[in-house]
> 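Got a structure here, written out as structure tokens. Questions coming.
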Amino acid sequence: MQLKDPSLFRQQAYLNGEWCDADGGATHDVVNPATGETIGSVPLMGAAETRRAIAAANEAWRQWRRKTAKERSIILRKWNDLMLANLDDLALIMTTEQGKPLAESRGEIAYAASFIEWFAEEGKRAGGDTIPSPTPGTRIVVVKEPIGVCAAITPWNFPAAMITRKAGPALAAGCTMVLKPAESTPFSALALAVLAERAGIPVGVFSVVTGAAREIGAEMTSNPTVRKLTFTGSTGVGRLLMEQCAATIKKLSLELGGNAPFIVFDDADLDAAVEGAMASKYRNAGQTCVCANRLYVQDGVYDAFAAKLVAAVAKLKVGNGLQEGVTQGPLIDQKAVLKVEQHIADALAKGARLLAGGKRHALGHSFFEPTVLADVTADMMVAREETFGPMAPLFRFKTDEEAVALANDTEFGLASYFYSRDIGRIWRVAEGLESGMVGINTGLISNEVAPFGGVKQSGLGREGSKYGIEDYQVIKYLCMGGI
Ligand code: ADP
């Protein structure tokens, strides 16, 4: 990696303001998914190091919570500025460890920084209120306080943004945080920690523990000092962490799996719908929790939409994300490839038709051909499970009621999308969909000012927006008598 500032590439964890190795010196390697080459290694830490980081976060919390929101905001603002100033290097680190095209990595760094900027400001506005009292001589005041030490566990698909949208509101609210990044993308997290240190975030306020997920997670969820766990990842792991947090009744934010429906009605602008489907389905090689997973297309426009989608998919360029013009990188690992293969094989065995792609890419490693399947039905695996890969399955439907019923026939409820130009239909469908977010005539919905999150088994809480900071606060009610 040719970084402008090589000091952003750290192979140590960041605990209590110090760069350190695992207690026993163990490490684990991190691999570039586009080449199979080892990029470097990070400490393989476990419960003991996590416990120390939590204790340090608790110590640091005493001072950090006492700062004014404005003082915290000034420091966070510097962190934002440093991310933007080092955007090229951060994007290069991200593409090297995660595989997404450089343009997407650059977009993610700007998006990641925007959460720090936004919450630096929101922290100043996160006040309480007064309530008229029913009792003479008393006054009722509500104040909002930081919940305390927060533990965060983040995934590999957005190695920077999933961190900042947790750390931003937590730190702005006056909490401290211990983070465990995904094993496959720790270098982006550690680079953010370098910049946090440079920005003047005090010792212990933000620590990054790398290593064994289960051991670190077990300590984070059982340690009574941790008041809140915030997690983005699969529903299975989220469920497990929720169970583990039950014993100490921690507050939880969970951003879990999705199974997003993408509905194209017969009055849709088909070119716009194809553009939206491409952005929603193939961004990050289909590895986002809001990626369209099931494309429902109304009978009358089904064949026309399919043809246009196949033409758009043919223009995708698969390759190493560092190469100019590449629009789809490798999948994160072989496990991810196997899941896409399994979904395709299952669908084909049950009568689906292959319109494009369908197999591993000639480039090898974990590259996969952008794929489109037609005649997909509800009995196929892809109808129930998130593919998390570059495969668009096209289902056919006839009526609006049928589309909404099919879209809601899942235990997930994160994002959904639909394309229509009829205002009545737009309201009816938007209200009928069971999901936390609805993209209407757009395939891109995420930004720092809007509330991101799901219903049903897609999670708890919201990230971003004016609502996001509440997840890191507790309400205290002061009842003042004798007045
Ligand atoms: P994915 O399938 O997208 O990798 P995971 O839910 O497995 O999603 O991973 C998301 C994050 O959860 C990663 O940081 C991973 O290391 C962590 N993780 C996985 N299993 C556990 C566990 N048992 N306890 C704590 N963290 C875990």
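Both ligands and their constituent atoms are indexed starting at 1 by order of listing.
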> Determine, considering heavy atoms only, which of Ala151, Gly217, Ala213 sits nearest to atom 27 (C) of ligand 1.
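Looking at heavy atoms only, the winner is Ala213.
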
> Just to confirm my output: which protein heavy-atom neighbour is closest to atom 21 (C) of ligand 1, and how far is it?
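Checking every protein heavy atom, the shortest distance to atom 21 (C) of ligand 1 gives Val237 CG1, 3.6 Å.
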
> To the nearest 0.5 Å, how far apart are CE in Met391 and OH in Tyr282?
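These two atoms lie 9.0 Å from each other.
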
> Tell me: protein heavy atom nearest atom 12 (O) of ligand 1, and distance?
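Checked against all protein heavy atoms, atom 12 (O) of ligand 1 sits closest to Phe231 CE1, 3.3 Å.
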
> Can you check whether Tyr14 and Phe206 have ring centres sitting under 6.0 Å from each other?
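Not close enough - the centres of the two rings lie 6.0 Å or further apart.
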
> Would you say Thr221 and Gln244 are linked by a side-chain donor-acceptor pair, where the criterion is simply a distance under 3.5 Å?
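The answer is yes; a qualifying pair exists.
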
> Atom 17 (C) of ligand 1: which protein heavy atom is closest, and how many Å away?
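Nearest protein contact, heavy atoms only, for atom 17 (C) of ligand 1 is Ile153 CG2, 3.6 Å.
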
> Out of Gly236, Ala152, Ser234, indicate the one that has the non-hydrogen atom closest to atom 5 (P) of ligand 1.
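Of the listed residues, Ser234 has the closest heavy atom.
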
> Can you confirm whether the side chains of Asp471 and Ser253 place a donor and an acceptor under 3.5 Å from each other?
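Asp471 vs Ser253: donor-acceptor pair found between side chains.
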
> Polar contacts were defined as any N/O atom of the residue lying under 3.5 Å from an N/O atom of the ligand; does this apply to Lys335 and ligand 1?
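Such a contact does not occur with ligand 1.
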
> Given that the side chain starts at C-beta and the backbone is N, CA, C, O, which of these parts of Leu241 lies under 4.0 Å from ligand 1, counting heavy atoms, or is it both or neither?
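It is the side chain that touches ligand 1; the backbone stays farther off.
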
> Please lay out, stage by stage, how Ser446 and Arg165 fare under the test side-chain hydrogen bond (donor to acceptor under 3.5 Å, both in side chains).
CA-CA 11 Å; Ser446 308; Arg165 81 181 178 178; 5.2 Å; no

> Below 4.0 Å, non-hydrogen atoms only: which portion of Thr154 touches ligand 1? Side chain, backbone, both or neither.
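The answer is the backbone.
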
> Is Phe388 touching ligand 1 with its side chain, its backbone, both, or neither, if touching means heavy atoms under 4.0 Å apart?
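Answer for Phe388: neither.
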
> Look only at interatomic distance and state if Trp156 has a nitrogen or oxygen under 3.5 Å from any nitrogen or oxygen of ligand 1.
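So ligand 1 has an N or O lying under 3.5 Å from an N or O of Trp156.
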
> Examine Arg214 against ligand 1 and note whether any of their N/O atoms are separated by less than 3.5 Å.
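No: no nitrogen or oxygen of Arg214 is under 3.5 Å from one in ligand 1.
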
> Using protein heavy atoms only, decide if any is under 4.0 Å from atom 9 (O) of ligand 1.
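Protein heavy atom within 4.0 Å of atom 9 (O) of ligand 1: absent.
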
> For Glu463, is there an ion pair with Lys166 - N to carboxylate O distance below 4.0 angstrom?
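Yes, Lys166 and Glu463 are salt-bridged.
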
> Is Glu369 salt-bridged to Arg360, cutoff N-O under 4.0 Å?
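Result for this pair is no, no salt bridge flagged.
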
> Have a look at Asn259 and tell me which of Arg294, Lys456, Glu386 forms a side-chain hydrogen bond (donor to acceptor under 3.5 Å, both in side chains) with it.
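Of the listed options, the one satisfying the test is Arg294.
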
> Specify the protein heavy atom at minimum distance from atom 16 (O) of ligand 1: its residue, its atom name, and the distance to 0.1 Å.
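Nearest neighbour among protein heavy atoms for atom 16 (O) of ligand 1, to 0.1 Å: Glu183 OE1, 2.6 Å.
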
